[in-house]
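These notes concern the structure reproduced below.
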Amino acid sequence: MSAPPLTWTPWAPLPGAPSYTAIGLREQLDGGQAFRWYPESDDTTWIGQWSHHLARLRLRPTPTVGAALRRDNPASPPPLPLEYSLPASFAETTLPALRHYLAIDDDRHDRIDAALPLATDPHLATCHALHPHLRILRQPFGETLLAFLCSATKQIPQIKQMLALLATRLGTPLDFSVSAFQNFSVSENALPTWPQLAAVSEADLRACQLGFRARYIKGTAEVLAAAPAWLEETAALPYAAAKMRLLTLPGVGEKIADCVLLFGLGHHEAFPVDTWMLKAMARRYGLEGWSPTQVAHFGRVHYGPTAGLAQQHLFAWERTQGGR
DNA sequence: GTTCCACCTCT
DNA sequence: GAGGTGGAA
């Protein structure tokens with residue numbers, strides 16, 4: 001009855017996936033959208049989880065000769081194709097799930113990317129040039145809600161730590177043996193579902209280093225437990241109506257609602273505004289003194305259906321280049 | 001309608 | 001003080 005040993009499929013190209021630089025792949029997987037991807041030995045190979053899935057991604061390894069040829073321009077290595085490796089016994093279902101998660105062959109992403117107002121918005125064009133292939137992930141709704149309830153006044157490494165603890169202590173084991181994992185930060189468990197969260201005490205949640213967020217997660221779990229179709233019904237609503245429902249949950253304000261709407265429900269008109277974005281829009285767009293709500297409104301009006309992707313580009317640039 | 005502060009835990 | 005929210009002033 002013990003889980004089978006895990007064997008990985010051989011590394012293979014991921015058809016339809018964009019090419020990334022190491023920096024770009026890090027921004028894509030660990031830049032504030034998702035919190036369950038970990039680099040392996042270097043920053044070109046990552047292992048990550050979502051739902052009951054586990055996957056590895058890497059940049060196609062460069063031959064040594066290639067590295068030598070790039071010696072003249074080491075600061076900007078060329079983008080490399082993405083490769084994947086999956087648990088062999090689940091590859092048949094995980095591969096399509098991975099493609100969906102990464103929005104590969106998603107013409108909606110391609111249309112939105114093409115519709116970004118790069119010609120009339122020079123700063124956005126600068127940001128976009130830094131990560132031309134950055135895309136909005138398509139993450140499971142319930143997990144996205146949990147992740148961003150953890151995110152209040154926390155940095156990415158701390159959010160990842162909370163989610164890893166939640167999975168390890170409260171989640172359901174995956175069908176893999178523990179020894180399969182090469183990175184200790186990767187939990188052998190899925191994240192706890194909302195029914196599972198409703199069944200544990202606030203004290204158990206606090207033991208996952210959630211702090212005051214434990215009360216919000218417990219409260220949200222109770223709301224969802226009292227209305228079993230809550231997530232499903234919310235997922236069926238358009239942006240504004242889904243947002244109103246999310247805002248009724250304890251611990252969900254406008255920023256977290258917009259993150260969940262964008263990363264978990266694919267509502268690209270969402271424009272999450274945190275302190276980084278407040279700073280970015282004040283400095284780059286002259287919005288000094290504007291409130292977060294006002295900046296969010298500006299973003300939705302200015303960028304329309306491309307607001308979510310534009311926000312991710314502006315956000316990435318501000319965090320990594322913003323000192324200039 | 002806006003502003004201020006407590007809320008956990010760690011850097 | 002931190003990638004926020006809720007309640008009070």
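These values consider heavy atoms only, across backbone and side chains, with no hydrogens, waters or symmetry-generated copies. Letters A, B, ... are given to chains in the order of the sequence lines, protein chains preceding strands, and every chain is numbered from 1.
Looking only at distances, no side-chain donor or acceptor of A/Trp37 sits under 3.5 Å from a matching main-chain atom of A/Gln49. Listed for the A/Gln33 side chain is a donor-acceptor partner under 3.5 Å among the backbone atoms of A/Leu137. Between the side chain of A/Arg60 and the backbone N or O of A/Ser19, no donor-acceptor pair lies under 3.5 Å. Of the possible donor and acceptor atoms, none in the side chain of A/Thr220 sits under 3.5 Å from a partner among the backbone N and O of A/Ile217. In this structure, A/Ser151 contributes its side chain and A/Phe148 its backbone to a donor-acceptor pair below 3.5 Å. Judged by distance alone, the side chain of A/Arg283 and the main-chain N or O of A/Ala280 form no donor-acceptor pair under 3.5 Å.
Below 30°, between 30° and 60°, or above 60°: for A/His128 and A/His313 the angle between ring planes is between 30° and 60°, a tilted geometry. The aromatic rings of A/Phe298 and A/His302 lie parallel to each other, with less than 30° between the two planes, well short of the 60° mark. Classified by interplanar angle (parallel below 30°, tilted 30° to 60°, perpendicular above 60°), the ring pair A/Phe315/A/Trp276 is perpendicular.
Distance noted for atom P between B/dT11 and C/dT5: 24 Å (whole Å). The gap from the P atom of C/dA8 to that of B/dC8 amounts to 16 Å, rounded to the nearest Å.
One atom, CE of A/Met162, and another, P of B/dT9, lie 10 Å apart when rounded to the nearest Å. Atom CG in A/Asp258 sits roughly 14 Å away from atom C1' in C/dG3 (whole-Å rounding). If you take NZ of A/Lys279 and P of C/dG4, they are 11 Å apart, rounded to a whole angstrom. The separation between A/Ile217 atom CD1 and B/dT9 atom C1' is 14 Å, rounded to whole Å. Per the geometry, CG belonging to A/Leu246 stands 15 Å off C1' belonging to C/dG4, to the nearest Å. Atom P of nucleotide C/dG3 and atom CD of A/Gln158 are separated by 8 Å, given to the nearest angstrom. In this structure, A/Lys255 atom NZ and C/dG4 atom P are separated by 6 Å, rounded to whole Å. A straight line from CG of A/Leu278 to C1' of C/dG4 spans 12 Å, rounded to a whole angstrom.
Within the 4.0 angstrom heavy-atom criterion, only backbone atoms of the sugar-phosphate kind lie near A/Gly251; the bases stay farther away. Nucleic acid contact for A/Ile159: none, since no nucleic acid atom lies under 4.0 Å from a heavy atom of the residue. Residue contacts shown for A/Pro272 are absent, as no nucleic acid heavy atom lies under 4.0 Å away.
Put simply, CG on A/Asp258 and CZ on A/Arg300 are 6.0 Å apart, with the number rounded to the nearest 0.5 Å.
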Quiz prompt | Contact pattern, 5' to 3', of nucleotides 2-8 of chain B - B, S or - by protein heavy atom under 4.0 Å | solution = -----BB
Exercise. Map every base of DNA chain B to its dot-bracket character, where paired means a Watson-Crick or G-U wobble contact with both distances under 3.5 Å and | marks a partner outside the strand.
Key: .||||||.||.
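Annotation: of the two residues near DNA chain C, A/Thr275 and A/Leu247, the 5′-most nearest-nucleotide partner is A/Thr275.
A/Gln155 has a side-chain polar atom (N or O) that falls below the 4.0 Å cut-off from OP1 or OP2 of C/dG3.
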